[in-house]
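As a basis for the values below, the full set of heavy atoms in this structure was taken, side chains included, without hydrogen atoms, waters or symmetry mates.
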Amino acid sequence: MHKNKTYSRTTTLTLVCSSALVIANSAALASGFGIPELNTTGLGTSNALVANPKVLGAIAYNPAAMSFHQGKSLSLGTLLVKPDLTADTGSGSVDSKANDVVIIPAITAHNNLNKDWTLGISVNAPFGLETEWQVETYNQQYPAGTGIPTKTKLEIAAFSPSVAYKLSDRASLAFGVDYYWMKEVTFNSKINTGTGVYPKSNLEGDGRSTGFNLGGMLVLDSLSFGASYHSSSKIKVEGTLDDGTGTLQSKRLSDNVTATLELPWRLQLGVRHQTTEKLAIEFDFTRTGWKTFDTLDIKNKEYRKTLSTSINNFDNANAYRLGVTYDFSQATQLRVGYTYDETPQKDERFSIRIPDADRQLFSLGIGHTLSNNCPYGAAP
């Protein structure tokens, strides 16, 4: 369910109706806790857009695409995600209790300053996660004395202002800043005492950080090439840790805790071929630097005492994306996509806090511009 508005120089108001369906053998997310779906156009093409100079929706994936769109635009949208996660255990399948609808922002804007320079901004949520399990589900898998993850929640929004420079009619480069706002982080656990009594350990907080992004695009007649890179970024989380004991010493140690959550770097490369006047095919390769998400240490800010350590030991992971678009008319476009997404999680380090597996994603979408004087290329 998506709503979008787009303003351009060629028309006062262009209404865009977009819908997309994602069919997958797992949650419609990327590996780890990544969310590659940055807008409805990407959702329909399985996020293979980094080399697309035609649609405004590509700006969120590659800011260098701004140079190939004239005038100015503003696209306001949301993606609604309904989590539905099931894990198989030795005793059967168990459903996650976290099933609230999650609202993901999908906002882009750009403005041509002159024939060479363009300013733009994207607001989206490239990372996020929510799981909740009953403690009895995995008490056999976690030895006595260890914590059993019960609830995990990550709400991270990214604000990415950028500037693009048009080297020529065929080439463009872009540079920008990624400002990450972690609105909420929750890491709740219960300690397996081996007695059937499970004391709780709840971490809650928020944080902010910055990184940078680079983009480039080259258009050669029917072929176009694109590249986008987002640096890693360390979010310093500040919050509280409740171990359920209520003792004075525990309260002194847990009322002011910090942790550093390192977001991975992301590299996306793509090539697009305008096969016919109406048909275009794009192949993208994405690599995510999940090795940066190694350990998560929770420390007391005042005493610099480590209260808890979570070992993740992720590997870097690849995703292979194929996106196909077909223009039925100047205003209506069919979008089809496929992704094979590798998991960064090793078998020996499998965790129900961030359950993951290799997955295949299939997408189908359609976009329609409700305007007689605005070409489809101006729609998101």
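- Closest heavy-atom contact between Thr210 and Ser233: O-OG, 2.9 Å.
- When every heavy atom of Ala64 is checked against every heavy atom of Ser172, the shortest pair comes out as O-OG, 3.2 Å.
- Side-chain contact between Pro36 and Arg321 is present, with at least one heavy-atom pair separated by less than 4.5 Å.
- Of all non-hydrogen atoms in Leu334 and Gly365, the two that sit nearest each other are CD1-O, 3.5 Å.
- Remark: Glu342 engages no residue in a salt bridge (charged side-chain N to carboxylate O under 4.0 Å, His left out) (not counting sequence neighbours).
- Relative orientation of the Phe212 and Tyr229 rings is tilted, given thresholds of 30° and 60° on the angle between their planes.
- Across every non-hydrogen atom of Pro126 and Ala158, the tightest pair is CD-CB, 3.6 Å.
- Distance alone, capped at 3.5 Å, places no donor-acceptor pair between the Thr339 side chain and the Asp341 backbone.
- For the side chain to side chain contact (heavy atoms under 4.5 Å, CB included) with Tyr61, the qualifying choice from Asn47, Asn124, Asn52, Thr45 is Asn47, the only one to do so.
- The shortest heavy-atom contact between Gly226 and Ala51 is N-CB, 3.5 Å.
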Self-check item: From CA spacing to verdict: side chain to side chain contact (heavy atoms under 4.5 Å, CB included), Glu37, Ile104
Solution: CA-CA 9 Å; Glu37 293 83 11; Ile104 299 176; over 6 Å; no
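- Clustering of Ile, Leu, Val, Met, Phe, Trp and Tyr by side-chain heavy atoms under 4.5 Å joins Val219 with Phe68, Met217.
- With rounding to the nearest 0.5 Å, the separation of CG in Leu74 from NE2 in His110 is 11.0 Å.
- Through side-chain heavy atoms spaced under 4.5 Å, either directly or across other Ile, Leu, Val, Met, Phe, Trp or Tyr residues, Leu173 is tied to Leu113, Trp117, Leu119, Val163, Tyr165, Leu167.
- Not one N or O on the side chain of Ser228 forms a donor-acceptor pair closer than 3.5 Å with the backbone of Asn62.
- In this view, Asp315 and Lys346 satisfy the salt bridge (charged side-chain N to carboxylate O under 4.0 Å, His left out) rule, not counting sequence neighbours.
- The hydrophobic side chain of Val177 is isolated, with no ILVMFWY side chain under 4.5 Å apart from it.
- Judged by distance alone, with hydrogens and angles left aside, the side-chain atoms of Asp327 form no donor-acceptor pair with the main-chain N or O of Gln330 at under 3.5 Å.
- The ring-ring contact (aromatic ring centres under 6.0 Å, His included) test applied to Phe159 returns no partner, not counting sequence neighbours.
- Every residue meeting the ring-ring contact (aromatic ring centres under 6.0 Å, His included) condition with Tyr320, not counting sequence neighbours, appears here in chain and number order: Phe285.
- Here the straight-line distance linking atom CG of Leu154 with atom CZ of Phe33 works out to 6.0 Å at 0.5 Å rounding.
- Remark: Phe328 pairs with Tyr326 by the ring-ring contact (aromatic ring centres under 6.0 Å, His included) rule, at least two apart or across chains.
- Gln274 pairs by the side-chain contact (heavy atoms from CB on, under 4.5 Å) definition with Lys54, Ser222, Arg272, Ala280, not counting sequence neighbours.
- Of the inter-residue distances, the one linking Thr286 atom OG1 with Leu267 atom CG reads 8.0 Å to the nearest 0.5 angstrom.
- Considering every non-hydrogen atom in both Gly44 and Ser363, the closest pair reads O-OG, 2.9 Å.
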Practice problem: Please test Leu38 against Thr108 for side chain to side chain contact (heavy atoms under 4.5 Å, CB included), starting from the C-alpha separation and ending with a verdict. | Solution: CA-CA 10 Å; Leu38 304 182; Thr108 58; over 6 Å; no
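- Within the structure, salt bridge (charged side-chain N to carboxylate O under 4.0 Å, His left out) contacts touching residues 164-177 (residues at least two apart or in different chains) are Arg170-Asp221.
- With contacts defined as side-chain heavy-atom distances shorter than 4.5 Å, the pair Tyr340/Asn318 does not qualify.
- Every residue two or more places apart in sequence or in another chain was checked for a salt bridge (charged side-chain N to carboxylate O under 4.0 Å, His left out) with Lys291, and none qualifies.
- When atom types are taken as modelled, the side chain of Ser122 and the backbone of Ser160 share no donor-acceptor pair closer than 3.5 angstrom.
- For the residue pair Thr343 / Asp358, no side-chain donor-acceptor distance below 3.5 Å is found, with atom types taken as modelled.
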Quiz prompt | Audit row: Leu79, Asn39, side chain to side chain contact (heavy atoms under 4.5 Å, CB included) steps and yes/no | solution = CA-CA 7 Å; Leu79 304 178; Asn39 54 38; 5.7 Å; no
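- Classification of the Tyr338-Phe362 ring pair by plane angle, with boundaries at 30° and 60°, yields tilted.
- When hydrophobic clusters are built by joining Ile, Leu, Val, Met, Phe, Trp and Tyr residues whose side-chain heavy atoms come closer than 4.5 Å, directly or via intermediates, Val50 is not grouped with Ile121.
- Rounded to the nearest 0.5 Å, atoms CG (Leu269) and CZ (Phe283) are 10.0 Å apart.
- Atom-to-atom distance recorded for Ile156:CD1 and Trp181:CH2 is 12.0 Å, nearest 0.5 angstrom.
- Annotation: salt bridge (charged side-chain N to carboxylate O under 4.0 Å, His left out) contacts involving residues 278-290, sequence neighbours excluded, are absent.
- Rounding to the nearest 0.5 angstrom, the gap separating the OG1 atom in Thr288 from the CG atom in Leu263 is 11.5 Å.
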